[in-house]
Amino acid sequence: MLRKAVTAALFALVAASAGATPLAGETRELHDWVIKARDHEGRPFAIVDKKNARMFVFDSAGRVQGTSTVLLGAAVGDDIAPNVGAHAQQGYVPFKERTTPAGRFASEPGINLSGEHVIWVDYASAFAIHRLRPGASHAARQAKLATPDPSQHRASYGCVVVPVKFYEDVVQRWLGKSRTVVYVLPEQTSAREIFNSL
């Protein structure tokens with residue numbers, strides 16, 4: 001019963017925001033600069049707002065194609081830990097390395113070691129966008145995705161984790177066919193310090 005309630009709440013959150021354009025603050029500022037400067041090179045792109053634990057996916061013209069709550073790295077931070085890629089391949093990432101890095105990334109679709117379709121945001125550091133995976137932590141992570149409190153969305157090794165339906169209907173459609181651009185807003189500083197051209 002609890003699982004059904006959480007699933008319903010999660011789908012409601014995604015569905016309620018899918019047709020809207022709730023861009024504000026640094027997300028709006030970054031979006032407008034990307035379009036004006038054509039920094040996305042005419043490609044679809046995404047903006048991950050870490051402070052609000054939300055992702056926005058845009059077509060090449062900058063129109064919102066979908067938005068969803070996301071799970072982020074369990075550790076707070078905007079940098080890529082030096083050895084996180086190697087640690088991820090070994091199967092254990094120390095907590096302090098579990099950050100979702102901020103910045104501009106040239107992303108591309110690919111396959112992980114399990115044969116799962118992902119969007120590689122930064123391949124060398126094993127930073128990807130992927131769907132919520134089945135397993136022992138699935139129910140707990142689904143509950144975190146459904147809560148409106150961004151502080152409860154810290155759960156991944158650093159990847160951006162999205163609901164399965166959002167991945168299949170939006171992420172895979174717009175980011176999963178060719179190279180695109182993913183912008184990740186910082187949580188410990190301002191967007192202007194990360195994106196100097198703003």
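This structure is a prediction, so every number in the text was calculated from the model and none was measured.
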Participant: What orientation do Phe58 and Phe45 show, parallel under 30°, tilted 30 to 60°, or perpendicular over 60°?
Facilitator: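 Phe58 and Phe45: parallel rings.
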
Participant: Tell me the closest heavy-atom pair linking Thr69 and Leu145, and the distance in Å.
Facilitator: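 Here Thr69 and Leu145 meet closest at OG1-O, 2.9 Å.
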
Participant: Can Arg173 and Asp169 be counted as an ion pair, charged N to O under 4.0 angstrom?
Facilitator: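 Salt bridge: no.
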
Participant: Short question: side chain of Asn112, backbone of Gly115 - any donor-acceptor pair under 3.5 Å?
Facilitator: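 Yes; judged by distance alone, with no hydrogens or angles, the pair exists.
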
Participant: Under a plain distance cut-off of 3.5 Å, with no hydrogens placed, do Ser68 and Arg54 share a side-chain donor-acceptor pair?
Facilitator: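 Not at all, the side chains of Arg54 and Ser68 share no donor-acceptor pair under 3.5 Å.
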
Participant: Mind listing the closest non-hydrogen atom pair of Tyr92 and Phe95 along with its distance?
Facilitator: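 That closest heavy-atom pairing would be OH-N, 4.5 Å.
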
Participant: Which heavy atom in Ala126 sits nearest to a heavy atom in Cys159, and how many Å separate them?
Facilitator: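 So the minimum-distance heavy-atom pair works out to O-SG, 3.5 Å.
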
Participant: Is any side-chain heavy atom of Phe56 less than 4.5 Å from a side-chain heavy atom of Val48?
Facilitator: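 Not touching, per the 4.5 Å side-chain cut-off.
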
Participant: Which heavy-atom pair separates Trp174 from Pro44 by the least distance, and what is that distance?
Facilitator: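 Heavy atoms of Trp174 and Pro44 come nearest at O-CB, 3.4 Å.
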
Participant: Does Lys51 pair with Glu26 as a salt bridge, N-O distance under 4.0 Å?
Facilitator: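 Salt bridge present between Lys51 and Glu26.
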
Participant: OG1/Thr99 to CD/Glu187 distance, rounded to the nearest 0.5 angstrom?
Facilitator: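 Thr99 OG1 to Glu187 CD: 8.5 Å, rounded to 0.5 Å.
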
Participant: Any chance you could lay out the ring pair (Phe, Tyr, Trp, His ring centres under 6.0 Å) test for Tyr183 and Phe105, step after step, and finish with the verdict?
Facilitator: CA-CA 6 Å; Tyr183 302 87; Phe105 300 91; 9.1 Å; no

Participant: Going by atom types only, do Thr147 and Asp149 share a side-chain donor-acceptor pair under 3.5 Å?
Facilitator: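 No, no side-chain donor-acceptor pair sits under 3.5 Å.
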
Participant: Would you confirm whether Ser156, through its side chain, and Leu72, through its main-chain N or O, come within 3.5 Å as a donor-acceptor pair?
Facilitator: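 Answer holds: yes.
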
Participant: Using the rule given for side-chain contact (heavy atoms from CB on, under 4.5 Å), can you reason through Thr189 versus Ile194, listing the C-alpha separation, both sets of side-chain angles and the distance that settles it, and then say yes or no?
Facilitator: CA-CA 8 Å; Thr189 185; Ile194 299 293; 3.9 Å; yes

Participant: Please check if the side chain of Arg154 supplies one atom and the backbone of Ala75 the other of a donor-acceptor pair under 3.5 Å.
Facilitator: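 Indeed, once roles are kept as given, a pair shorter than 3.5 Å links the two residues.
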
Participant: Shortest non-hydrogen contact from Met55 to Thr67?
Facilitator: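 Closest approach of Met55 to Thr67, heavy atoms only: O-OG1, 2.9 Å.
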
Participant: Taking all heavy atoms of Pro109 and all of His117, pick out the closest pair and write down the distance.
Facilitator: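 Minimum heavy-atom contact is CB-NE2, 3.8 Å.
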
Participant: Examine His130 together with Tyr167 and report whether their ring centres are nearer than 6.0 Å.
Facilitator: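 No - the distance between ring centres of His130 and Tyr167 does not fall below the 6.0 Å cut-off.
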
Participant: To the nearest 0.5 angstrom, please state how far the CD1 atom of Ile119 sits from the CZ atom of Arg179.
Facilitator: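 Ile119 atom CD1 to Arg179 atom CZ measures 12.0 Å (nearest 0.5 Å).
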
Participant: Got a sec: does the CG of Leu113 have more than 12 other heavy atoms crowding it under 6.0 Å?
Facilitator: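 Result for CG/Leu113: open.
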
